[in-house]
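Predicted model only: the values in this text are computed from it and were never measured. All values below come from the heavy atoms of this structure, side chains included, with hydrogens, waters and symmetry mates left out.
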Amino acid sequence: SPHTHPGGSIWRATLQKLRVLLNFAIRRLSLGTGRHQALHGLRLHRGVGREQEILVIGSGPSADSLKPREVRKRQMAGDLLVVATNYFLNSPLARTITPDYLVWADAVFDPDAGPGSSDQWSRVEAAGDVTLVVPWTWKASIDMSLWANRILFFDNDSLEGWSKNISPMRPRGYQGSTGVKALAFALHLEPTVVLLIGLDLSYYKNFVVDHENRVLRQPMHVTGADSGVQEIGQHSVHGLADALYSTSSQFLALQTHFAGHSIINLDPQSLVDAFPKVTSHPLTKN
């Protein structure tokens, strides 16, 4: 896959690019029609953030530096929209901050994923005025009579290596975590600026290789927003080398696809070096 280290082999790199294109074609054919209609809501949402700032909150530890009351104050004043990701509603921040949008892309949140998914959907339902942003391929599994006004669908297909696209309306041209997809969604709303926190990409610091040479990722997110210890090497070819290569590709995508947009990193110690940083901000603790 594109997340396997090519090892300098032109042949392997070529096969990786061809696989992306083949997978995309097969998915498009198998999924059939319905995509254009599903994306209608997202299409209408383009530009709704004009004249506002948007705060994107990832699950990384730097999100703990937020001042929840100040964030909520600006939300209530209409000056700020909040885009969160994944298990945000499980975190202590959710006691004060109710995001305007919650982006899900991982299969664990798919309505067909089982009891764990149902629990998260119940949390969103109880949270009030939160709009879910999910892959359009989930639409068939969602009861739209209940969620018609609380859900937006985006295109989660990949043309990594073939495209520079970051619009959630079309297949993305980058390898991205949910936090990066949330960043792309925020830019789609065309705010005056995107304020970024919690997109740390520091999880590789918690990689562990055990006595059986299994590559494990230990928790590295804010409290309540982590999925626990995960084995990440079972689908790789070169174990840790592939895990680090995949992480490197995400850093690179931020440089090649997102740099140059109006994005400010609120974490001065962030490993992400694609965006300007601030050493202090009213929304964060000193």
(Q) Within the supplied structure, the quantity of interest is the number of heavy atoms (other residues, nucleotides, ligands) at a distance under 6.0 Å from Asn149 CG; does it exceed 12? (A) no

Q) Just wondering, do Leu266 and Leu55 contact through their side chains at under 4.5 Å, heavy atoms? A) yes

Q: Would you mind listing every side-chain hydrogen bond (donor to acceptor under 3.5 Å, both in side chains) that reaches into residues 16-28, with sequence neighbours excluded?
A: Arg27-Asp157, Arg28-Asp155, Arg28-Asp157

**Q.** Main-chain N/O of Thr192 paired with Ser262 side-chain donor or acceptor, under 3.5 Å
**A.** yes

Q: Under the ring pair (Phe, Tyr, Trp, His ring centres under 6.0 Å) rule, collect the residues that match up with His5, sequence neighbours excluded.
A: Tyr245

Q.
Are there over 12 heavy-atom neighbours, none belonging to Met144, within less than 6.0 Å of that residue's CE?
A. yes

Q: Step through the shown structure and confirm whether more than 12 heavy atoms of other residues, nucleotides or ligands are within 6.0 Å of CD on Gln37.
A: no

Q: Verify, without hydrogens or angle tests, whether Thr14 (side chain) and Ile10 (backbone) share a donor-acceptor contact under 3.5 angstrom.
A: yes

Q.
So does Thr4 get a backbone contact from the side chain of Asp242, meaning a donor-acceptor N/O pair under 3.5 Å?
A. no

Q: Measure from the side-chain N and O atoms of Asp106 to the backbone N and O of Thr178, and report whether any donor-acceptor pair falls under 3.5 Å.
A: no

Q. Who are the side-chain contact (heavy atoms from CB on, under 4.5 Å) partners of Ala84, not counting sequence neighbours?
A. Phe88, Pro99, Leu102

Q) Other hydrophobic cluster members with Val20, side-chain heavy atoms of Ile/Leu/Val/Met/Phe/Trp/Tyr under 4.5 Å, chained? A) Leu21, Phe24, Leu159, Trp162

Q | Side-chain heavy atoms of His281 within contact of Glu70, under 4.5 Å | A | no

Q) Are Asn86 and Gln120 linked by a side-chain donor-acceptor pair shorter than 3.5 Å? A) no

(Q) I want to check something: taking the side chain as every heavy atom from C-beta on, are Thr85 and Ser59 in contact at a cut-off of under 4.5 Å? (A) yes

Q) Using links of under 4.5 Å between side-chain heavy atoms of ILVMFWY residues, direct or through other members, which residues join Ile26 in one cluster? A) Leu22

Q) At their closest point, which heavy atom of Trp121 faces which heavy atom of Pro111, and how far apart are they? A) CZ2-CG, 3.6 Å

Q) Do Trp104 and Trp138 have ring centres separated by under 6.0 Å? A) no

Q.
Classify the ring geometry of Tyr87 against Phe109: parallel below 30°, tilted from 30° to 60°, perpendicular beyond 60°.
A. tilted

Q) If we only count heavy atoms from C-beta on, is the Leu183 to His261 side-chain gap below 4.5 Å? A) no

**Q.** Parallel, tilted or perpendicular: rings of Phe207 and Tyr204 (30°, 60°)
**A.** perpendicular

Q: Would you confirm whether the ring centroid of Phe185 sits within less than 6.0 angstrom of the ring centroid of Tyr101?
A: yes

**Q.** With sequence neighbours excluded, residues passing side-chain contact (heavy atoms from CB on, under 4.5 Å) with Ser122
**A.** none

Q | Derivation and outcome, side-chain contact (heavy atoms from CB on, under 4.5 Å), residues Ile197 and Ser65 | A | CA-CA 9 Å; Ile197 194 77; Ser65 66; 3.7 Å; yes

**Q.** Over 12 non-hydrogen atoms of neighbours within 6.0 angstrom of CG in Asp129
**A.** no

Q | Main-chain N/O of Leu42 paired to His188 side chain as donor or acceptor, under 3.5 Å | A | yes

Q: For atom NE2 of His238, decide whether the heavy atoms of other residues, nucleotides or ligands shown that lie under 6.0 angstrom number more than 12.
A: yes

Q: Compute whether any side-chain donor of one residue and acceptor of the other, for Ser246 and Gln175, lie under 3.5 angstrom apart.
A: yes

Q.
Between Lys181 (side chain only) and Val103 (backbone N and O only), is there a donor and an acceptor less than 3.5 Å apart?
A. no

